[in-house]
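Accompanying notes for the structure given below.
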Amino acid sequence: MRSLRYVGKHPNVVLLETCKTLKQIKQIHTQMLINGLFTDLKMLGQFVSAVALKQPEYIDYSIQVLEQCERPPLAVLNSLMRAHYKIAKPCKSFYFYSRIVKSSHNLKPDNYTFTFLIRTCAQLFVEETSMAVYGSVIKYGFDVDPHVRSSLISMFAELGLLGFSKKIFLEIFEPDSVTSTAMVSASAKSGDLVSARELFDRMPDRDLATWNAMMAGYVQWGQAREALDLFYLMQSEGVKVNEASMVSVLSACAQFGALDQGRWAHNYIEKLRLRVDVTLGSALVDMYAKCGDMDKAMEVFWSLKEKNVYTWTSAMGGLAVNGFGNECLELFARMKHAGVEPNEVTFVSLLIGCRVVGLVEEGQRYFESMSNVYGLQPSIEHYGCMVALYSSAGRLDEAISFINSMPIKPHVDAWGALLNACKIYKNKKLGKLAFKKIVELEGGARGTYLNFMRTGRGEVSQVTEVWDCSTTEANGEVHKFFIGDKSNPRQAEIKKKMEEISQRLKLAGYVANTISVLFDIEEEEKENATCVPVKNLRVCSDCHHVTKMISEIFDREIIVRNTNSSYHFTNGECSCNGYW
DNA sequence: TTAGGGTTAG
């Protein structure tokens with residue numbers, strides 16, 4: 001009689017991976033015990049690994065089961081190391097490493113062990129420990145293993161030792177493809193995009209992971225154009241993309257506010273029948289939200305079976321910056337109800353949500369709940385949000401006393417929010433103070449908030465480069481414009497259209513408020529400059545006003561997005577209801 | 001049964 005053999009996982013183990021509760025896991029455990037399956041050490045190993053890796057919240061139960069085993073196999077101990085660094089418990093991971101090296105039945109760490117040990121070290125973030133582990137790797141002879149090497153490279157990069165990796169792994173041996181990919185990824189993550197790309201271009205056998213690492217690097221460092229160009233290159237070279245590639249593509253579209261390209265990417269995902277898991281789903285929600293299509297963002301959001309803190313936070317952030325503050329707060333309540341723990345970013349979204357509808361007291365309560373209820377430490381961003389919250393609501397005195405009571409030094413954005421409010425609420429004295437602080441902090445180098453200065457040209461002329469950039473998408477193509485920039489090939493047509501807009505604005509009674517646009521350009525040019533509708537800086541009052549008018553005159557919906565808000569202009573009104 | 005590449009704010 002032929003004995004029953006399973007190819008791959010035992011059906012019970014497959015079932016185990018879909019368990020939602022500890023009770024279900026225990027049931028399967030009991031069943032496997034009754035069926036005598038655990039006499040096979042391999043089966044016990046499968047059980048422990050499956051629970052630890054797929055159901056990390058019940059990892060302790062898997063350890064209990066492991067303890068019943070006198071001689072746990074190496075693979076299981078390795079899996080437990082991996083499971084623990086995955087749930088950010090590096091010390092436990094070290095513990096299982098010690099179980100391996102001190103085992104009474106002569107276990108020897110293998111290449112898997114070191115891969116996981118190195119990842120554990122990266123999490124601990126202690127250079128001495130990392131170097132000690134590197135020593136062990138060499139001692140055991142695993143420094144030649146591509147996977148171990150690749151983990152070492154990313155660990156060194158995280159420690160800020162990218163150059164060390166380059167010396168060891170690029171200069172001495174000809175790197176294999178796994179090592180090269182790791183180096184591309186590590187360089188890209190560290191922001192060294194130029195050398196990442198050089199290495200990438202030199203690689204004879206780039207696989208999908210290499211392309212994805214390069215693209216992700218561009219996205220992470222805000223180079224959406226390069227990321228999309230790389231994606232087009234991928235397409236033209238016939239490289240088959242996967243979910244991770246599309247996450248980066250969507251993120252690039254989100255950075256650009258490129259709705260048409262984002263929609264195309266969504267269709268493409270469906271066409272390829274890629275699996276829209278929680279990560280890809282969150283990226284979709286974020287893309288639609290950042291491109292201002294909140295209806296579609298929420299449609300995707302509700303269609304997702306699994307939602308994690310990223311998904312909820314993206315949707316909340318989208319609602320908040322698009323002016324739906326109450327909906328943002330409501331979503332937060334639902335998130336808690338769903339049992340998803342908020343993180344620091346969630347509170348940024350929530351506080352922006354409070355600001356856009358002027359809910360100061362609610363904002364205060366949420367801010368306090370961060371440490372009191374959720375054990376989260378408010379960061380400079382949260383303090384900045386609070387200043388913006390008081391400022392937008394016109395409660396300037398509270399804003400300044402909040403700034404004065406802050407335990408951390410306020411950063412330029414906090415003063416910027418206050419300065420903006422001072423302009424709207426015409427508080428010259430506080431405005432001057434805020435401006436002074438900004439110049440102190442930045443020396444005017446970034447020039448971000450200088451367009452809010454009201455005192456005329458003299459003071460601002462000391463400020464050298466005012467940097468302002470706008471992007472806009474037309475027919476699936478993204479265009480970038482800088483102030484005073486005439487390099488666009490269709491400049492003549494653009495100029496003509498701008499003139500038409502100017503003319504019609506003038507007919508409608510518009511007079512450019514050039515005082516708030518203090519760039520190093522001629523007076524006539526200034527008037528034109530105020531008409532550019534999409535800005536990366538905070539939308540100034542003139543832009544706000546003029547965009548309202550354009551939306552009415554040309555009967556167009558206009559979505560303007562900048563670093564911290566989106567504005568929807570229709571029929572001469574703006575979605576911000578005055579809170580901007 | 002275990003290894004590389006992925007998302008959120010400012």
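Residue numbers begin at 1 in each chain, while the letters A, B, ... track the order of the sequences. It should be emphasised that the depicted structure is a prediction, and the values quoted were computed from it without experimental measurement.
The CD atom of Glu158(A) sits 14 Å away from the C1' atom of dG4(B) (whole-angstrom rounding). Rounded to whole Å, the distance from OH on Tyr366(A) to P on dA9(B) is 20 Å. His411(A) has its NE2 atom 11 Å from the C1' atom of dA9(B), to the nearest Å. Between Glu381(A) atom CD and dA9(B) atom P the separation is 12 Å, expressed in whole Å. What separates CZ of Arg149(A) from C1' of dG4(B) is a distance of 14 Å, to the nearest Å. Between the CD atom of Gln46(A) and the C1' atom of dT1(B) there is a distance of 5 Å, given to the nearest Å. With rounding to whole Å, Leu80(A) atom CG is found 14 Å from dT2(B) atom P. Tyr383(A) has its OH atom 17 Å from the C1' atom of dA9(B), to the nearest Å.
Comparing dT2(B), dG10(B), dG4(B) by their nearest atom to the side chain of Asp207(A) picks out dG4(B). When each of dT2(B), dA9(B), dG4(B) is scored by its nearest atom to the side-chain atoms of Asn78(A), the top-ranked nucleotide is dT2(B).
For Phe47(A) and His29(A), the ring centers are positioned less than 6.0 Å apart. The aromatic ring centroids of Phe332(A) and Phe347(A) lie less than 6.0 Å from each other. His84(A) has its ring centre no less than 6.0 Å from the ring centre of Tyr95(A). Aromatic rings of Trp312(A) and Phe301(A) (six-membered ring for Trp) have centroids within the 6.0 Å cut-off, being under it. Between His147(A) and Phe114(A), the distance from one ring center to the other does not fall under 6.0 angstrom.
Using a 4.0 Å heavy-atom cutoff across all strands shown, Ser177(A) reaches at least one base atom of the nucleic acid. Within 4.0 Å of Gly45(A), counting heavy atoms only, lies at least one base atom of the nucleic acid. In this structure, Phe347(A) reaches neither bases nor backbone, as no heavy-atom distance under 4.0 Å exists between it and the strands shown.
Contact annotation: side chain of Ser49(A) to base of dT1(B), donor-acceptor pair present below 3.5 Å.
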Mind listing the N/O atom pairs, protein and nucleotides 5-8 of chain B, below 3.5 Å?
unit_1: dG5(B); atom_1: N1; unit_2: Asn242(A); atom_2: ND2; d: 2.7
unit_1: dG5(B); atom_1: N2; unit_2: Asn212(A); atom_2: ND2; d: 2.4
unit_1: dG5(B); atom_1: N2; unit_2: Asn242(A); atom_2: OD1; d: 2.9
unit_1: dG5(B); atom_1: N2; unit_2: Asn242(A); atom_2: ND2; d: 2.1
unit_1: dG5(B); atom_1: N3; unit_2: Asn212(A); atom_2: ND2; d: 2.9
unit_1: dG6(B); atom_1: N1; unit_2: Asp277(A); atom_2: OD2; d: 3.4

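Atom NZ of Lys336(A) is surrounded by more than 12 heavy atoms from other residues, nucleotides or ligands within 6.0 Å.
The cationic group of Lys108(A) does not satisfy the cation-pi geometry with Tyr140(A), failing either the under 6.0 Å distance to the six-membered ring centre or the 45° limit from the ring axis.
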